[in-house]
Amino acid sequence: SSITFRIIDEQDNQCNYNRTGVLCGGCKPNMSTVFGSNRCMPCTDTYLWLLVPFSIMGVALVTLLFLLNFTVSVGTINGLILYANIIVPGIVNRLPFSDPKIFIFISWLNLDLGIETCFYNGMNTIVKNWLQFVFPAYVLLLVGAIIFVSRWSSLLTRLCRRNAVAVLATLILL
């Protein structure tokens with residue numbers, strides 16, 4: 001048996017998932033990076049409509065954390081965060097099978113999409129990485145706005161039950 005090495009001129013042949021370039025850092029022509037993986041796929045601009053459900057999900061997440069008092073100060077979420085961020089990734093990588101539901105659940109707990117989804121045609125890895133910070137920043141801004149406005153609104157203060165800082169801490173931890 002012999003070992004063969006590919007020469008530098010054929011570096012694109014060593015890349016998987018329609019990737020190309022130095023260290024497989026880019027996508028092949030007419031391909032875009034997708035959320036939820038490192039793959040490159042053909043995409044269209046029709047997926048920009050996903051901004052609407054993401055906006056609604058941000059408000060729903062903040063509302064549920066306030067209404068259910070599901071914060072790190074109460075303690076019920078601490079075990080879930082430990083399970084999702086430390087125990088499961090260590091176990092999932094060693095399992096003989098791969099269940100995508102576990103990966104999606106962990107991704108959602110980390111405020112990530114978890115499924116392969118295009119966003120717009122021509123998206124590269126740098127833009128994808130920046131866009132992954134947009135939803136967590138949006139959610140933190142929502143809570144910050146609630147904290148700011150509750151200083152002048154007694155109704156909002158009663159609705160938040162004085163746990164706005166605990167919700168903010170929970171979102172930062174996620």
N/O donor-acceptor pairs under 3.5 Å from side chains in residues 118-125, not counting sequence neighbours:
from	atom 1	to	atom 2	distance (Å)
Asn124	OD1	Ile126	N	3.3
Asn124	OD1	Val127	N	2.9
Thr125	OG1	Arg19	NH2	2.9

Can you tell me which residue among Leu61, Leu65, Val59 is in a side chain to side chain contact (heavy atoms under 4.5 Å, CB included) with Thr63?
Val59
Pairwise distance OG1(Thr33) to CG(Asn129) - rounded to 0.5 angstrom
8.5 Å
Partners of Trp152 by ring-ring contact (aromatic ring centres under 6.0 Å, His included), sequence neighbours excluded?
Phe148
Please check if the side chain of Asn18 supplies one atom and the backbone of Cys40 the other of a donor-acceptor pair under 3.5 Å.
yes
Is it the case that atom CG in Asn30 sees more than 12 heavy atoms from other parts of the structure closer than 6.0 Å?
no
Taking a hydrophobic cluster as the set of Ile, Leu, Val, Met, Phe, Trp and Tyr residues connected by side-chain heavy atoms closer than 4.5 Å, whether directly or through intermediates, do Phe135 and Leu141 fall within one such cluster?
no
If you compare all heavy atoms of Cys27 against all heavy atoms of Ser32, which two are closest, and at what distance to 0.1 Å?
SG-C, 3.7 Å
Measure the CD1-CG distance between Ile147 and Leu142 for me, rounded to the nearest 0.5 Å.
11.5 Å
Check the pair Cys43 / Val34 against side chain to side chain contact (heavy atoms under 4.5 Å, CB included), numbers first and verdict last.
CA-CA 8 Å; Cys43 296; Val34 297; 4.0 Å; yes
Using the ring-ring contact (aromatic ring centres under 6.0 Å, His included) criterion, which residues pair with Tyr138? Sequence neighbours excluded.
none
Flag side-chain contact, heavy atom, 4.5 Å: Pro42 against Met31
yes
Approximate separation, where rounding is to 0.5 Å, of Tyr47 OH and Phe35 CZ:
13.5 Å
Non-hydrogen atoms of Gly21 and Cys15 that approach each other most closely:
O-SG, 4.3 Å
Given side chains that start at C-beta, do those of Val62 and Met57 come closer than 4.5 Å, heavy atoms only?
no
